[in-house]
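Take a look at the structure set out below.
Worth knowing before you read on, the calculation uses all heavy atoms, side chains too, and leaves out hydrogens, waters and symmetry mates.
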Amino acid sequence: MTDPAGGPPAPQGSGNWQTPPPPAPGGFQPGGFQPAPVAAGPAPGVAYADLTNRIIAAVIDGVILWVVWAVVAGVVLSGIALSGGFGMLLIVGVVLGVIWAVGTAAYFVYTWTTMRASPGQKILKLETVNAGDGATLTRDQAIKRWAFLFGPTAAATVLSNVIGLVGTLLSLAALGYIIFLVYTISKDSRRQGFHDVQASTVVVKRLA
């Protein structure tokens, strides 16, 4: 991670962060919908990112991805219309779902491991880093975080084009999972969601 006072990124395991504080009482345990108090930042000039900024960053990333996917989908569907191959619409729906899943994985894994943040996060001065020392995520770590963050939604997107009503129910389940992630973020003192805990990551904000 870039040293808070400036300088080159710190190597993995450099240990330049303070020892993480213990979770707030209750952690992920049910205890109402009041957010847990936010712990002090891991280093001078760095704070744990609040939920509102993270949601805004996610919306920005979602818009970027949706615009790109809409262009791709428009090209594919236009090609089918011109060729008269409407009988392949089911297959195309599955293919587009897979493209969406692979595209989001590539988008986030690449930006987390090379820019330390997605474009939406960059705009808000947020970074997704290793929870232990603030180092840049490894590729495996980024893939794991994506899988726990977007995996259920990506699977529901693909399956909804195959199994109809059951796919719709899966989509509702995916929405419930997203709400669960938001809840776990709000109840943790370092704002680590369930997906962050699984991948040993944390989202921080630069104060300067």
### Message
How long is the straight-line distance from OG1 of Thr201 back to CZ of Arg190, given to the nearest 0.5 Å?
### Response
10.0 Å
### Exceeds 12 heavy-atom contacts within 6.0 angstrom, atom CZ of Phe180
yes
### Task
Side-chain contact test, heavy atoms from C-beta onward, threshold under 4.5 Å: evaluate it for Lys144 versus Thr138 and give yes or no.
no
### Query
Quick check: does any side chain N or O of Gln141 sit under 3.5 Å from a backbone N or O of Ser200, one acting as donor and the other as acceptor?
yes
### Modelled atom types, side-chain donor and acceptor of Asp61 and Tyr107, under 3.5 Å
yes
### Query
Can you tell me how far CG of Leu137 sits from CG of Asn130, rounded to the nearest 0.5 angstrom?
7.0 Å
#### Entry: Nearest heavy-atom neighbours spanning Ala101 and Ala154
CB-CB, 3.7 Å
### Task
Nearest 0.5 Å please: distance from the CG atom of Leu51 over to the CD1 atom of Ile56.
10.0 Å
### Query
Same hydrophobic cluster for Trp112 and Ile123, using side-chain heavy-atom links shorter than 4.5 Å among ILVMFWY?
yes
### Summary
Here the pair of heavy atoms bringing Ile64 nearest to Pro119 is CD1-CB, 4.0 Å
### Query
Does NZ in Lys122 sit with more than 12 non-hydrogen atoms of other residues, nucleotides or ligands closer than 6.0 Å?
yes
### Message
What I'd like to find out is whether the side chain of Arg191 reaches to under 4.5 Å of the side chain of Asp50, using heavy atoms alone.
### Response
no
### Query
Relative to the ring of Phe108, is the ring of Phe150 parallel (under 30°), tilted (30 to 60°) or perpendicular (over 60°)?
parallel
#### Entry: Nearest-0.5 Å distance, CZ of residue Arg54 to CD of residue Gln121
8.0 Å
### Task
Check whether any side-chain heavy atom of Asp196 lies under 4.5 Å from a side-chain heavy atom of Arg145, and answer yes or no.
yes
